[in-house]
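Read the structure below first, then the notes.
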There are 2 protein chains.
Amino acid sequence: MSDRSPLSPKGTRQREKILTVALEVFADEGYRGTSLRTVAARCELSLAGVMHYFESREDLLVQILQRRDEVDAAAISAEHPIRDFIAVLEANTSRPGLVELFVTMSAAASSPDHPAAAYFRDRYARIVDELCEFLDQRGDTRPLTDRARDARALIALADGLQQQWVTNRTLSIADEFAYALATHSNGFLRAD
Amino acid sequence: MSDRSPLSPKGTRQREKILTVALEVFADEGYRGTSLRTVAARCELSLAGVMHYFESREDLLVQILQRRDEVDAAAISAEHPIRDFIAVLEANTSRPGLVELFVTMSAAASSPDHPAAAYFRDRYARIVDELCEFLDQRGDTRPLTDRARDARALIALADGLQQQWVTNRTLSIADEFAYALATHSNGFLRAD
DNA sequence: GTCTATAATGCGATAGAC
DNA sequence: GTCTATCGCATTATAGAC
C-alpha cells in the first residue's frame, strides 16, 4: 500500500527506524517546525534516502500516525480500557507536535484521494469495531447499530476535545472527557 | 482587526458582497478546487480588487467562517435551540465545501499566530457562554464550571462527528448527534 | 531503474498607474 | 477603489544523468 516495491528485511528495519525517529522528532519539535530534512539528518540519511521508503511526504506523515496508534493501543489493557484511554489522552497533551500532526492530517483527509483519507476511514472503522465489542462484553444488549452510535460519539468527543485543546492548551482533555463520561454515559461506559 | 483602513459605506458593502459570493463559491465548488481568482471572477473583480479588502487569503477564509456562523446563528430560535442546531448540522452536510473549509481552518489554528487561532478561541468561548446560559435557563443548577464542561462536550461531539463525516459521507451527523443526546444527556439537553 | 535538474504552471501577494 | 503587471513560492511534469 505504501511501499514502492517489496522491501528486503533490511529495508523493513530501515523504514521502522525512520518512523520511530520521525515520531520523536515531530513530538519534540512540533509539526510546523520540522522538515523531512531534519528527520533525515537524525536518521543519518539524506532526504532522498528517507524518501526512498515512502511514496510521498504525506504518506510518511500518515504512517507516523499509524505508528502512534500502535504505541497507544499497546498502552490500553483489556481490564481497564477506558481508564487507560483517558491516560493516553492525557499523555498526548505533552506531545503537542503529534496532536498538531493529527489535526493537520484530519483536515487533509477531506480530500478523498489523500492518503490520510484512507487512514482515517480505517482508523474510525477499527475503533468503532473495538468499542462495540467492548460494550458487548460489558453487557450492553442494544442492537449493534446503537452500540456503534455510542462508539462514534465517544470518538467524536475525544477528537473534538482535542480540537478545542489545540486553541486553548489550558484545557485538560482527560478531565473533560472523564467528566462527560461520568455524568452522561448510560452506564456501560463508566470509568473502570 | 482585519481591514487595512477604515472603510467607506460603499467599501463595507463591497466587502459584504465578496464574503457572500465567496461563501457560495466555496460551498459550490469545494474548498480545494477554489482559488481567490475564481472568487474574484464571480465578483467581477480582479484578484487585487478582492485582496484590497482582506489582509490575506487566510484572513478572508476565516471571515467566511464567521459569516457562516452568523447565518447559522440566525437559524437558531430561542424556543427550540437544540432542535434548530441539529437542523443546522444536517444542512451543513449539503455544503461539503464549507465543512472542508472548517476542518482545514481548525487544523491551521494549531499555529497560535494564524488568524484562525483567534477565531476558534473566540468562537469556542462564545458558544460555551451561550450554552451555559441556556442550561441555566433550563433549570440546570450545577456550578458554572460543570455547565461549561457540558457545553464543551457538546461542541466536541458536534465537531468530532463532523470530522468523521469528512471521511465517511454516508454518516448522518444530525442522527448521530440526536441519538447521543437522547440516550446520554442528563436531561437538560434533551431535544426540544 | 533511480535520483536530479530544469521547465512550466498556478497560486497568493504587492507595487504603481489611473 | 480597481486595475495591470509582476514577484516569489510551491507544486507538477519532463527529461536527462548516473
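Remember, it's a predicted structure, so these values are computed and weren't measured experimentally. For the numbers below, each heavy atom of this structure counts, side chains included, while hydrogens, waters and symmetry mates do not. So that the names make sense, note that chain A is the first sequence line, chain B the second, and so on, each numbered from 1.
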Expressed as a whole number of angstroms, how long is the span from [X]:[atom1] to [N]:[atom2]?
{"X": "E44(B)", "N": "dG1(D)", "atom1": "CD", "atom2": "P", "answer": "19 Å"}
{"X": "Y53(A)", "N": "dT2(C)", "atom1": "OH", "atom2": "P", "answer": "13 Å"}
{"X": "F54(B)", "N": "dA13(C)", "atom1": "CZ", "atom2": "P", "answer": "12 Å"}
{"X": "L60(B)", "N": "dC11(C)", "atom1": "CG", "atom2": "P", "answer": "15 Å"}
{"X": "E55(B)", "N": "dT14(C)", "atom1": "CD", "atom2": "C1'", "answer": "14 Å"}
{"X": "H52(B)", "N": "dT2(D)", "atom1": "NE2", "atom2": "P", "answer": "7 Å"}
{"X": "M51(B)", "N": "dA15(C)", "atom1": "CE", "atom2": "C1'", "answer": "14 Å"}
{"X": "L45(B)", "N": "dT2(D)", "atom1": "CG", "atom2": "P", "answer": "6 Å"}

Check [Y] with [X], please: is the shortest side-chain N to carboxylate O separation under 4.0 Å?
{"X": "E16(B)", "Y": "R67(B)", "answer": "yes"}
{"X": "E133(A)", "Y": "R138(A)", "answer": "no"}
{"X": "D175(A)", "Y": "R149(B)", "answer": "no"}
{"X": "E100(B)", "Y": "R95(B)", "answer": "no"}

Would you say a side-chain N or O of S35(B) is under 4.0 Å from OP1 or OP2 of dG10(C)? no
Secondary-structure notation, DNA chain D, from Watson-Crick and G-U pairs under 3.5 angstrom (| other strand): |||||||||||||||.||
Under the 6.0 Å and 45° cation-pi test, does R15(B) pair with Y53(B)? no
Student check: side-chain heavy atoms of R42(A) and D28(A) closer than 4.5 Å: yes
With B for base contact, S for sugar-phosphate-only contact and - for none (protein heavy atoms under 4.0 Å), nucleotides 4-18 of chain D reads B--------------
May I ask you to decide if A107(B)'s main-chain N or O and S110(B)'s side chain share a donor-acceptor pair within less than 3.5 Å? yes
Apply side chain to side chain contact (heavy atoms under 4.5 Å, CB included) to residues Q163(A) and F102(A) and explain how you reach the verdict. CA-CA 10 Å; Q163(A) 205 166 305; F102(A) 184 91; over 6 Å; no
Can you list everything that forms a side chain to side chain donor-acceptor pair (under 3.5 Å) with N168(A)? Sequence neighbours excluded, please. T170(A)
